[in-house]
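Below: the structure, in structure tokens.
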Amino acid sequence: SSDDEDPKLKKKVVIIGNSSVGKTSLLLHYTEHRFRSTLESTIGIDYREKDLVVSNQEVHLQIWDTAGQERFKTITRSYYRNCDGIIVVYDVTQTESFEQVKGWVESVHKYAEEEVPILVIGNKIDLSSKRAVNERQGKELAKTLGTEFIETSAKTGVNINFGFEMLTKKMLLRN
Ligand code: GDP
Ligand code: MG
């Protein structure tokens, strides 16, 4: 197969979650080390690519962003097509976005391939004075849903690389 000739594995990741939780910002920070505080939350960026090495394996990630359709809950089967990993983001300052993580994970089970690894991200931890969901709640939810979990800030960049590496390792276990 072409995978034998090209040692670099190609993997598709999709990012979902409520509007304005920081999906586009996480992707921009991860791939371009940029953060924009004025980012219009309805704007998405199709996808970005990123090369990384985990467990001595070169991996080429293609990471898809929503184009704002999450506002209308109109993300459909085609968005999840052939995806190898999923990131569900909530905002630790917005309880509602946390409460809807379960619904997002259910849509993954409905539309994506079975057993696709899922990483739940609690984002915006730099806004500590506004925090409404603590880390323990996030961990417990992830445990209940059978997903990985991490907290990040797309503003400071904390834990973003670690999160993508964690998900990529999970994806490689399925090869
Ligand atoms: P999306 O709708 O999920 O793609 O969310 P965006 O990435 O568009 O972010 C929505 C708003 O939250 C923007 O104003 C971002 O600048 C801001 N934002 C995103 N992530 C963070 C973060 O980690 N910390 C802070 N303070 N603001 C963030
Ligand atoms: Mg967006």
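Both ligands and their constituent atoms are indexed starting at 1 by order of listing.
The part of N123 lying near ligand 1 is the side chain, judged by heavy-atom distances below 4.0 Å. For V21, heavy-atom contacts with ligand 1 shorter than 4.0 Å involve the backbone as well as the side chain. The part of R36 lying near ligand 1 is the backbone, judged by heavy-atom distances below 4.0 Å.
Contact atoms of ligand 1 toward E70: 2 (O) (distance under 4.0 Å to a heavy atom of the residue). Near K155, with a cut-off below 4.0 Å to any heavy atom, the atoms of ligand 1 are 22 (C), 23 (O), 24 (N), 26 (N). Each of the following atoms of ligand 1 lies closer than 4.0 Å to a heavy atom of L127: 26 (N). Taking a cut-off of under 4.0 Å to the non-hydrogen atoms of T24, the atoms of ligand 1 that pass are 4 (O), 7 (O).
The side-chain hydrogen bond (donor to acceptor under 3.5 Å, both in side chains) test with K102 is passed by exactly one of E99, Q100, E106: E106. Exactly one of D126, N123, N161 qualifies for a side-chain hydrogen bond (donor to acceptor under 3.5 Å, both in side chains) with T152. That residue is N123. Each of E49, K50, K10 was scored for a side-chain hydrogen bond (donor to acceptor under 3.5 Å, both in side chains) with H60, with one residue passing: E49.
Between T152 and ligand 1, a contact under 3.5 Å exists for no N or O pair. Checked against a 3.5 angstrom limit, the closest N/O atoms of K124 and ligand 1 fall inside it. In terms of N/O distances under 3.5 Å, ligand 1 is approached by A154.
Here the shortest heavy-atom pairing between T147 and I118 reads CB-O, 3.4 Å. Of all non-hydrogen atoms in D65 and T24, the two that sit nearest each other are OD2-OG1, 2.7 Å.
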Point to revise | Verdict with reasoning, R131 to E151, per salt bridge (charged side-chain N to carboxylate O under 4.0 Å, His left out) | key: CA-CA 12 Å; R131 192 194 264 268; E151 288 192 333; 2.8 Å; yes

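Residues V89 and L26 form a side-chain contact, since some pair of their non-hydrogen atoms from C-beta on lies under 4.5 Å apart. No side-chain heavy atom of I121 sits under 4.5 Å from any side-chain heavy atom of F149.
Ranked by closest heavy atom to atom 14 (O) of ligand 1, the top entry among G22, S37, S19 is S37.
Not one N, O or S atom of S20 sits under 2.8 Å from the Mg ion (ligand 2).
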